[in-house]
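The chains referred to below are lettered A, B, ... by the order of the sequence lines, with proteins before strands, and numbering in each begins at 1.
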Protein chains: 2
Amino acid sequence: MARTDARYREAFNALLDYCAELSPRAPMPSESKLCEIVGVSRTVVRRCLARMEEKDLIAWEGRDKRLLRAPTAEDRIAQQGGLQRSTNLEQRFLEWILKFDVPANTPLSVAELSRSFKVPQHELKEFLAGLSRFGLVARRKQGGWMLLGFTRDFAVELSDFRAVLELHAVRQAVDAPVDHPIWSRLEILRADHLALMNRIETDFHAFSTLDETFHGAINSVVKNRFVAEFQKVVSLIFHYHYLWDKTDEKARNEAAIAEHLAIIDALEARDEEAATIAARRHLKTSKTTLLSSLRYHDLA
Amino acid sequence: MARTDARYREAFNALLDYCAELSPRAPMPSESKLCEIVGVSRTVVRRCLARMEEKDLIAWEGRDKRLLRAPTAEDRIAQQGGLQRSTNLEQRFLEWILKFDVPANTPLSVAELSRSFKVPQHELKEFLAGLSRFGLVARRKQGGWMLLGFTRDFAVELSDFRAVLELHAVRQAVDAPVDHPIWSRLEILRADHLALMNRIETDFHAFSTLDETFHGAINSVVKNRFVAEFQKVVSLIFHYHYLWDKTDEKARNEAAIAEHLAIIDALEARDEEAATIAARRHLKTSKTTLLSSLRYHDLA
DNA sequence: TCAATGGTTTTTTATTATTCTAGACAAAAA
DNA sequence: TTTTTGTCTAGAATAATAAAAAACCATTGA
C-alpha cells in the first residue's frame, strides 16, 4: 500500500551503473554528490548505500565509502512490474475519443479509463481536471466526470478560436526578419507541398501530417505559452478529424494544398493583406470540413 | 477515513423539508421519484428512508411509505463541521499569490495550501493540474508543484495574448447588430466613466472595478468557451495588479478612463479602424503598467 | 404483457491512512 | 570556515476503504 519505492529501485540501479565506471577500492563521492548524479534525494541515496553495504558491494564507515567489487547483473534490483508510461496520456486519450467516436455527454469512468490506459487513477483525475479548462470534459453533480465532447458548438468555437490565433500568427510572420527560421521552413514546406501534389493520386492521405507541420510552422512564429498550449490540443483534434472523415478526401486535400501554397506565396511576398485573405479562406475550409465530418457522424 | 457521508446528511434534511410539505398519512412517491427530488442516488434515498423509519417518522413496507408525523427540528441530522466551500478556489488562490506577492519559482506545498485554503488535498492537486494548462504552475521533477509565477516573460505573453483576444472582440463588436446588448451596456459604461472622471480626485481607486466591467463587456461580444476561460484568469490577474501598484494611480486611472472613452466612441461610430487603434493603444498602456509593477517589485 | 418499483449486488468515486521521499538542522570532520 | 553526515520533520504519491452510484433482477399491479 501507499507510495511505491520505484524511485529507490531506479536510483539503486543507476548507482550500480555509476560504480561500474569506478575502479575498485576507489573512494566514492559524498552523499550529496551522489544525489546530483542520480537525481534523487539524500534519503534515497542513503537507502541505496545501506543496501550496497549489506550486499558487500561497498565498505561504508562514516565518510569513507569504498567499492569492494565490481557490481554484477545479479546485484540489480528488479523494477516493480508497472513502470507504465503516463506520458502522452493526452494524445492517447484524444485518440481514443476520436477514433472510437465517443459521443458527447458520455460519462467517463475514471476506474475504467485507469485500467485501459494503465495509468493510476489520481493521475487521470488530474488530467481530466486539466482538460476541463478547455471545456472538453466537466465534473458531474453526482460525482465523476463527463465528456462534453465534440458537439457542433464545440467545433465552431474551436475553429473560431483557432482562426483568431492563426491569423495573428500570420500577421506576425509577415513582419518576421529575413533571418527568421520561418522562411527556410516555408521553403521546405513549399517543396513538400509541390512534391505531394505531384503524387496526389496515390499519396493523398499523406496530407494530414503535412497539414500539421504547416500549421505548426506558422504558429511557431508566435512565442507564447498560452498559444502553444492551445495549439497542442487544437492541432491534435484537427489532425484526427482529418484522418477520420474519408469523404472526398483526395479532392479536399488537393484543394488544401493549393490553399497552403497561396498562404506561403503571400507570406514570402510579405503581403499582409493577401496572406490574411488566403489564411482566412483556408481556415474557413477547415472549419467546414470539421463541421461536415461531425454532421456525417451524427447521422450514423 | 474514506468518503464522507455529507451527501446522505444533506439528502436526509432535504427529504425532511419535502415531508414537511406533505400531509400526514399521505403516501410518499416512489424511491426513484424521491431521487429526482433531492438529486441523489437511490442508495442514499433508501438510507434516508431507513433512518426515517427507525425514527418512527414514516411507516415503510415495500412500496407503501406513509408519513406518520410532521418532522421537527430535532429530526434533522447535523452537518459534519467541514462543508468547506471549495468554490472560487481559483480566485482565492490568485488573490493569495498577488496579494502576498509570492515570487516566481516558489515550491508549492499541497499539504500547506490544503490547510490554509481549507480544501481537501486532492482537490488542490486537480486545481493545480488545471492551472498548469495556463503555464502558471508546473510539476517538479522531485515531485510536488511549483509556481512559475509572474515573471517578466509571463507578463509579456499574457498581455500579448490578451491583446489578441481583445482586438478580436473589438472587431466583432463593430459588426454587432443594433439590437445587440453590447450597445446599451456601452452607453451605461460611458456614463459611469464620465461620472468617475468628475470625482476622480477622490474616487480614483474605484477605477479597478470599472476597468474589469469594461473589458468584460467588450469580450462578452465573443461567445467562445476558450476565450471565456482565459478571460477569467486574465482579468483576475490584471485586476489585482492594478489594485496593487499604487504609483501614480490617479494619473494612470485618469488616462485609462480617457482611453476607454475613445474606444467607446469609435465602437459607437462603427469605425473599425479607429476602434482597433484606440484598443491597441489602451492595451499597450495596460501592458506597460503591468510590466512596471513587476519591475517595482523586483527591486523590493 | 409490460412498465414501473423495490430488493440486492457490483462498480465507482471520494477521502483517509500509510509508506516513501525530500528537505532542514545541527553535530562532526576536514 | 566549509563540507559532510546523522537525525528528524514535513510532504507527496498511492493503496485501502467507506459512501455513493448504477446495474441487475425479481416482483408488483395495471
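- Atom CD in A:Glu123 sits about 7 Å away from atom P in D:dT14, given to the nearest Å.
- For B:His122, a side-chain nitrogen or oxygen approaches OP1 or OP2 of C:dT15 to under 4.0 Å.
- Distance from the side chain of A:Ser109 is smallest for C:dT13 among the nucleotides C:dT13, D:dT5, C:dA14.
- Remark: P of D:dA13 and CD of B:Glu126 are 14 Å apart, rounded to the nearest angstrom.
- Atoms CZ (A:Arg139) and C1' (C:dT13) sit 10 Å apart, rounded to a whole Å.
- At C:dT19, none of the side-chain N or O atoms of A:Thr4 fall inside 4.0 Å of OP1 or OP2 (strictly under the cut-off).
- The residue A:Lys141 sits apart from the nucleic acid: no heavy atom pair falls under 4.0 Å.
- Within 3.5 Å, a donor on the side chain of A:Arg3 pairs with an acceptor on the base of D:dA12, or the reverse.
- In terms of position along DNA chain C, the nucleotide closest to B:Gly62 lies nearer the 5' end than the nucleotide closest to the other residue of the pair A:Trp145 and B:Gly62.
- Here the side chains of B:Cys19 and B:Leu57 are not in contact, with every heavy-atom distance at 4.5 Å or above.
- Residue A:Arg115 places at least one side-chain N or O under 4.0 Å from the OP1 or OP2 atom of C:dT12.
- For A:Thr43, whose side chain is taken as the heavy atoms from C-beta onward, the closest listed nucleotide among C:dT19, D:dT5, C:dA22 is C:dA22.
- Remark: C1' of C:dA30 and CG of A:Asp64 are 13 Å apart, rounded to the nearest angstrom.
- If you measure from atom CZ of B:Arg42 to atom P of D:dA19, you get 19 Å, rounded to the nearest angstrom.
- One interatomic measurement links the two molecules: CD of B:Glu112 to P of D:dT9, which rounds to 18 Å at whole-angstrom precision.
- Backbone-only contact: A:Arg47 has heavy atoms under 4.0 Å from sugar-phosphate atoms and none from a base.
- For B:Lys33, counting side-chain heavy atoms from C-beta on, the closest listed nucleotide (C:dG6, C:dT5, C:dT15) is C:dT5.
- For the helix from C:dT1-D:dA30 to C:dA30-D:dT1, the angle separating the two terminal helix axes comes to 20°, with each axis derived from five pairs and the value rounded to 10°.
- Among the atoms of the strands shown, base atoms are found under 4.0 Å from some heavy atom of B:Arg63.
- In this structure, B:Arg92 fails the cation-pi test against B:Phe117, since its NZ or CZ atom is not both closer than 6.0 Å to the six-membered ring centre and inside 45 degrees of the ring normal.
- Considering only side-chain atoms of A:Ser41, the nucleotide from C:dT21, C:dG6, D:dA13 that sits closest is C:dT21.
- Separation of atoms CG (B:Asp153) and NZ (A:Lys223) is listed at 12.5 Å; rounding is to 0.5 Å.
- Between the P atom of C:dT5 and the CD atom of B:Glu61 lies a distance of 19 Å, rounded to the nearest Å.
- Taking 4.0 angstrom as the limit, B:Lys65 places none of its side-chain polar atoms (N or O) nearer than this to OP1 or OP2 of C:dT5.
- A heavy-atom distance below 4.5 Å is found between the side chains of B:Leu49 and B:Leu34.
- Relative to the side chain of B:Tyr8, the nucleotides C:dT13, D:dA20, C:dC25 differ in distance, and D:dA20 lies closest.
- For the atom pair CG (B:Leu131) and CG (B:Leu124), the distance works out to 10.0 Å, reported to the nearest 0.5 Å.
- Residue B:Gln142 places at least one side-chain N or O under 4.0 Å from the OP1 or OP2 atom of C:dG23.
- For A:Ala111, the listed nucleotide lying nearest its side chain is C:dT12; candidates were D:dG11, C:dT19, C:dT12.
- Rounded to whole Å, the distance from CG on B:Asp5 to C1' on C:dT15 is 12 Å.
- For B:Arg140, no side-chain nitrogen or oxygen approaches OP1 or OP2 of D:dA13 to under 4.0 Å.
- If you look at A:Phe127 and A:Phe93, their ring centroids are closer than 6.0 Å.
- Among the heavy atoms of the strands lying under 4.0 Å from B:Arg46 is at least one base atom, whether or not backbone atoms are also near.
- Remark: B:Thr106 OG1 to B:Met146 CE distance equals 8.0 Å, nearest 0.5 Å.
- Considering only heavy atoms from C-beta on, B:Glu10 comes within 4.5 Å of B:Gln79 through its side chain.
- Of the candidate nucleotides D:dT5, C:dG6, D:dA20, D:dA20 has the atom lying nearest to any side-chain atom of B:Val44.
- Nucleic acid contact class of B:Leu108 (heavy atoms, under 4.0 Å, all strands): sugar-phosphate only.
- Within the nucleic acid shown, B:Leu49 has no heavy atom closer than 4.0 Å to any nucleic acid atom.
- A cation-pi geometry, defined here as NZ or CZ lying under 6.0 Å from the six-membered ring centre and within 45° of its normal, does not hold between A:Arg225 and B:Phe154.
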